[in-house]
4 protein chains.
Amino acid sequence: MTRLKVAIVGGSGYAGGEFLRLALAHPMLEVTQVTSERNAGSPVTFVHPNLRSRSTLKFKKLADLEPCDVLILALPHGNAAKRLAQFEGLAGTIIDLSADFRIKDPERYKKYYDEDHPAPDKLGEWVYGNPELHREELRGATRIACAGCFATTVILALYPLLKLGVPLPKDIIATGLVGSSAAGASASDSSHHPEREGSLRVYKATGHRHHAEVEQELPGNFPIHLSAISTPRIRGILTTASLFIPDGYSERDVWGAYREVYAEEPFIRIVKVRQGIHRYPDPKLLDGTNFCDIGFEADQDSGRVVVMSAIDNLVKGTAGHALQSLNIAQGWDEALGLEFMGLHPA
Amino acid sequence: MTRLKVAIVGGSGYAGGEFLRLALAHPMLEVTQVTSERNAGSPVTFVHPNLRSRSTLKFKKLADLEPCDVLILALPHGNAAKRLAQFEGLAGTIIDLSADFRIKDPERYKKYYDEDHPAPDKLGEWVYGNPELHREELRGATRIACAGCFATTVILALYPLLKLGVPLPKDIIATGLVGSSAAGASASDSSHHPEREGSLRVYKATGHRHHAEVEQELPGNFPIHLSAISTPRIRGILTTASLFIPDGYSERDVWGAYREVYAEEPFIRIVKVRQGIHRYPDPKLLDGTNFCDIGFEADQDSGRVVVMSAIDNLVKGTAGHALQSLNIAQGWDEALGLEFMGLHPA
Amino acid sequence: MTRLKVAIVGGSGYAGGEFLRLALAHPMLEVTQVTSERNAGSPVTFVHPNLRSRSTLKFKKLADLEPCDVLILALPHGNAAKRLAQFEGLAGTIIDLSADFRIKDPERYKKYYDEDHPAPDKLGEWVYGNPELHREELRGATRIACAGCFATTVILALYPLLKLGVPLPKDIIATGLVGSSAAGASASDSSHHPEREGSLRVYKATGHRHHAEVEQELPGNFPIHLSAISTPRIRGILTTASLFIPDGYSERDVWGAYREVYAEEPFIRIVKVRQGIHRYPDPKLLDGTNFCDIGFEADQDSGRVVVMSAIDNLVKGTAGHALQSLNIAQGWDEALGLEFMGLHPA
Amino acid sequence: MTRLKVAIVGGSGYAGGEFLRLALAHPMLEVTQVTSERNAGSPVTFVHPNLRSRSTLKFKKLADLEPCDVLILALPHGNAAKRLAQFEGLAGTIIDLSADFRIKDPERYKKYYDEDHPAPDKLGEWVYGNPELHREELRGATRIACAGCFATTVILALYPLLKLGVPLPKDIIATGLVGSSAAGASASDSSHHPEREGSLRVYKATGHRHHAEVEQELPGNFPIHLSAISTPRIRGILTTASLFIPDGYSERDVWGAYREVYAEEPFIRIVKVRQGIHRYPDPKLLDGTNFCDIGFEADQDSGRVVVMSAIDNLVKGTAGHALQSLNIAQGWDEALGLEFMGLHPA
C-alpha cells in the first residue's frame, strides 16, 4: 500500500516534532519533508534527539517545499492563515496545529485575537479537529484545524453534561495546570530553568484565548471562566472544573452521562477509583499517549461536581489529536499510530 | 534576659522539626526538650540533618518530659486533646499545631472530624492562631491553636473583602495546590518518590476538613467550595479563589480593600506586577519564609476576580504562624526569628 | 500464528510491570497470568494505571500459577533460586529479572551476596541476558538471567575497548547516577518524596554488588571501581567512566573501536555531537526506550577518556533487555515490541 | 556603629543577587547601590522577588556608580580585569566574584582562559577568597578574588590529605554534579525548562577551567582530572572524588586528617553517619547555607576512598564564601550574616 507523503512545516517546534515522531511510526504515512528556517540543513535529530537512528531527514527551508499529500502546519499563530494560498498549492490535505482556523466566527476571532482574520472566507472550509465532537465531519475532511490543548481538556470534561442538556444552575470555573512544553520550544526568561522549575505561577488568570473555542464548541449557553497555571511538569495538563448540578441530579447520573456519551471513545477513559493512589486522572501517567482521562466527584450537600480531565498537551492536546483526526479523515483505524500506552512509573 | 524554655512534643515530624529550626535561632527561646517515640535516644540531627552543628539535642520519650515554659504540640490529630491534662501540668503556655483546638463549636468539629470532641469544655480557652485576624486576642494568650495551612491561604485571600462587607453575589471556588510535605513525614505508597514526583493528583476534590476553619473564621455567610491538589513541590501552597464582585465594584476597589486591611501586616505582601516573570504570588519564592503573598486579577466583563495566595505550608502554614503568634502573646517583636527573606532562585 | 503464553511472577513491582507493559504490545506474546501476593484479586491496573483500557488481567497468587510457555520471574533477590524447582515445573522458558542466576561462579556469588548460592549446580544452565555480549548463546536459550541495570551501563560503556584488547594503563572509575525507580516499588523512608526529591545522595560509594557482573563479563583483568548516586529522576541511569588510553591511542581510535564493535547493534547509539544541547547521552531522552546511548570525550594531554552511557533502567536495564533476549532466543526480530523511540521533550 | 556602604556591580545576576540578599541582612553592611545595565531604573525586586518588602533599592547604570566602601563585582568573566582602574577609583575594598583574579600565574591563566590576562601586574594584590586555606592572608585584605564554586568543592574535599602530605599513589578523578543556577541568569537553549528539567548532561567531560584553581591551591604535585555534569537541581553541587590511599593508611586515618585540619572550621561539617537516610553530604540540605559538608568512604580492599563534598554553589560557592572572606578581612565574626541553617525538608 502506498504511504501518504507528509510534509511538516515548522518542524523544529514541539508540536511539529511530536507529529514527526508519531508519523515516523505510522504505517500509512511517510514523512518526506520537514521545514525549519533556523535549522535548515541540519538533521532533524539535532533538534529532536529522540529520533536518532529512526530518521535521517534534514530540515529544509519553507521556500524549498515540494508538493506532497498531507501538509502539517506547525507555525506560530497567524502564519498559516496569511500564507494559506501557498500551502493550498502544495497539498490536498492540510492540518493546521495553530489557532488560525479553529474559530468559525470572524467576530469571535477578532475579539480573542485582537485582529481581523486574514482569510475569513476560508473559515467555513475547516473542521475543528476534535474527534469526540466532530467525528462525522472529519470523515473525508481535507482541512482540519487542530483543537487547542487547554480547550480540549475543558471541552471533553464538560461535553457529556451539556450535550445531554443537563441544566447547570451556576457559573463553571475551570482551572488548568499546564506543563512548560505548552509555551513552545523558544527559550525565554520565564522558561529559564532556575526560574521555572518548581514554580506554580498563574500565567493567565482571566482572558484565556481558548475561551473562544470552549464557547464555540460546547452546546448551550452557560457562564464559564478559565484560568491557567504553569506547573513544574514538562508535558501535561490537569484541568479541574467546578460546576453545579440541579436538584435531584446525583453523582450516579453524572456517571451515566459520561458513560453514555463516551462509551465508544477509544481515547477517553473514565478514571474514578475508590481506593489506592491512582483514584483520579493524573497527567503524570499520560506522557506520550493520546488518552484523555476524565474523573469527577460530587458533593451531594452543595451540588458541586468537580470534573477532572488530564492529557498530554503535545499528544491529545496537539499532534495526537491531529493524527487521530487524520486517521478518521482517511478512513483508517482511528487509533493507528497512537497505541502507546504510557509508562508507570515515569 | 532569660530565654523561655521550650519543649517540642512530636519533634520528628515536619511541623515539629520546623518549629525546632525556628526556635533554635530565636533570641528569646531555648529549646530544652524534643520528643519522639520512634527516635528517642537519637540526636535530632538524625532526623533533621539541617541542624547539624546547630543543635546537640537528643529526642526523648513523651513520658520523660519535664516542666518547661512553652510546650509545642506537634502530634497527629486527636492526641493533643486526649492528653491535654498531662500537657497542662507541664507548661503554662501551650501551642498546638494540630487541628484539635481550632474549631470552637463542638458540633462543627463533629461534622468535619467524625467524632465527638474529647474536651469540648476546653475549646473556649484557645485562640485561633492567625495573627492577621486575632492579633488582639493573641496578646497574653496561653493557649494557641495554630491555624491549618490550606485554611490559612483561603482565609487570608478572602478576609479583606469579607471584612469590609463587600457582597459577593456568587459561589466562591478555591483550589489549593499543595506540596508533599503537607502530608507529613511518614512514608506511604502515595508519597513513594516514583509515584509522587511529577504528579498532579486531586486528593481532596470535595469535603476538605479545613472548610470548618474557613466557615468559622471568615465573616458573613457565603457559599464557598474547596478542592486540594497535590503537586511536585515539597513545600508550598498556591491557592486560587474565584469570586465575583458586585456591579460597580472594580479591580481598583479590590486593591483598596487589600491595602486597607493589610497595610500594616508584616508578613503579607500584595504581589501584582504588570511585567516580568514574577507578576503574581508563587510558593517557589517562599520556602523558609513566613510571608503570605497575595495577588488578584479581575475580569471586568464577567465580574470574576481570581485571588491568589501563596505560603510555605510549614512556616506561614504551621510553625512560623505559631511563632508569630507566640511573639505576639509574649509581647515581643512580632517578626522575631522570622526574618528569613527566602531565596532566588531556588 | 500462536502467541506464547506468558506468566509474570511478581508483577506488581516495577520490573514485572514494565515487562507486562511491553508484553501486552508484543505481537508474539500473550500475557495470561500475573502474580502478586499483596494485590491478588485486584486488576493489574490498580497498581499499573497506565494499562487502563489495555488489560483486564487480575493479579493472582503465586500458588495459583498454571503452566505456560514463558515464565518471567520478577521477585526480590533470592526467591527465584530458592523456588526454582517449582518454576521449572511450570514453563519451558524462564527469564529471571533478579540477580539470582547472573553470576556463574558460586565463590564470586558468595563474595558479593554474603551467602551460599541456593542452587549452584544450576548456574551453568543460565545465559547472561546481555544481547550485545551473548547473542549467539541466547539463540534457543531457555534460561536467561537478565543483566543488572547499573552493570549494563558499565559493561556496554567499556566492552569495545576491552574486547579489542586495548591495554588500559590505570584504574577505571565508574560512577552511576540512578533514578528512584531502581530501588523498587516499596515505599521507604529514603523514597519518601520530601526526602528524596531533589536529592543527590551517594548510596553506594564502594562495594556495589554489580561489580560481580562487571568482573565476570568484561574481558581481561583490569582494576575498576564503582560508585552509585541517587538522583531526582524516576527512571534512568547515566554512568560516566574515566579510563586512560595508552600512548599513541587517540580519540579517533576510540571512535573506531566503538564503531567496529557496535556497528550492527540495533539498540546502541553512539552519541557524540559537536554542537547544540544534545551532545552526549542523557537518560532524559530514553524513558520507555530500549536504547543504550554511548558517548566519549578524550583529553589528549592526560590520556583520560570519559565514557558516558545512558539507559532507562527499567527497559534496557531490565524488562527491555529481557525481551530483546527472548526475541533472540525465539528467533524473532530482535527489536520486536521494543520500537518506542522516546519523547522529546519529556 | 557605622555600616560599610556596599555597591554591587552586576546585581541582576544570580551571584550579585545572592550577595545582595546576604548583605541586606548583615548587621555591618548597608547596600547603597546595585547596578544592572539591562534593568537600570527598575526596583531590585523586579529581578529578585524574594527581596519584596526587604529592599526598595533600584538598579542604576554602572556609569552612575558613586564612591563607596566595598565594591562587589559580579560581572561576566573578563569585565572586572578590564575595568579595574575604574573600580579602584570607587572603593578601597573590592571583592570580585568572577574568575578574573583567581589565578596568580599569567601563564596558567592564559592556558585555561585562552587569552593574555588584561592586568597581570595586579594579580599579586589579590587574595584567593577561600577562608579555609587563606584565612591569615584574608585578614585586612582589600582585594579578594572569590573562589570558583566547583573548584571549592574539589579543594575542600582534598585539602586535608594533601596538606598533611599523605602520598596518593594514583590519579584522582573528581566529578561534580551541578545545579542549573551555576550557568547564570541568562536564558539559553540549554536552560530552557523543557530541555533542562530532568536532564543529566555531561557539559564538561574534560578541560574544566576550575582545574586551574585546583592546581594552584592544592599542595603538592599530583594528577587530578575533573568532569562536570548538569543535574535537575537549581542550586547545589555534589562532588565525588575517587582517590587511593597508600598501604597502611586506613579510613580511620582519613577521619583523623579531616578532623585535624577542619576541627575549628565554622562552615565545614564532616557528614558520615552509619544509619538512616542522611548518611553523606547532600546539596539538597544546603540551599541558602554557607556550609560545605564533607564525607568519605574507604574500600579497604582496593585502597580507594570516595570523598564527597556538597555546597550551595551560590553561597559557599560564591556569595557566602565572599562574605565570609569579607568578615575575616574586616575582623568581624566570621559567621556574621551566614547563620541560616537550611531547611528540612526542602
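Numbers restart at 1 for each chain; the letters A, B, ... are given by sequence-line order, proteins then strands. Keep in mind it's a predicted model, so treat the numbers as computed, not measured.
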For this session: Below 4.5 Å from any heavy atom of chain B, which atoms of C:Arg233 appear? Answer side chain, backbone, both or neither.
Result: backbone

Seminar exercise, completed: Residue from B:Ala185, B:Ser190, B:Gly179, B:Ala183 scoring the most non-hydrogen pairs under 4.5 Å with chain C is B:Ala185

For this session: Could you verify whether a donor N or O on one side chain and an acceptor N or O on the other, from B:His193 and C:Ser191, lie under 3.5 Å apart?
Result: no

Exercise. Side chain, backbone, both or neither: which part of C:Ser186 has an atom under 4.5 Å from a heavy atom of chain B?
Worked result: backbone

Problem set entry | Interatomic distance, C:Ser180 atom OG to B:Glu195 atom CD [nearest 0.5 angstrom] | 9.0 Å

Problem set entry | Euclidean distance, B:Arg196 CZ relative to C:Arg196 CZ, rounded to 0.5 Å | 15.5 Å

Exercise. Looking only at heavy atoms, which two atoms of B:Arg38 and C:Asp189 are closest? And how far apart?
Worked result: NH2-OD2, 2.9 Å

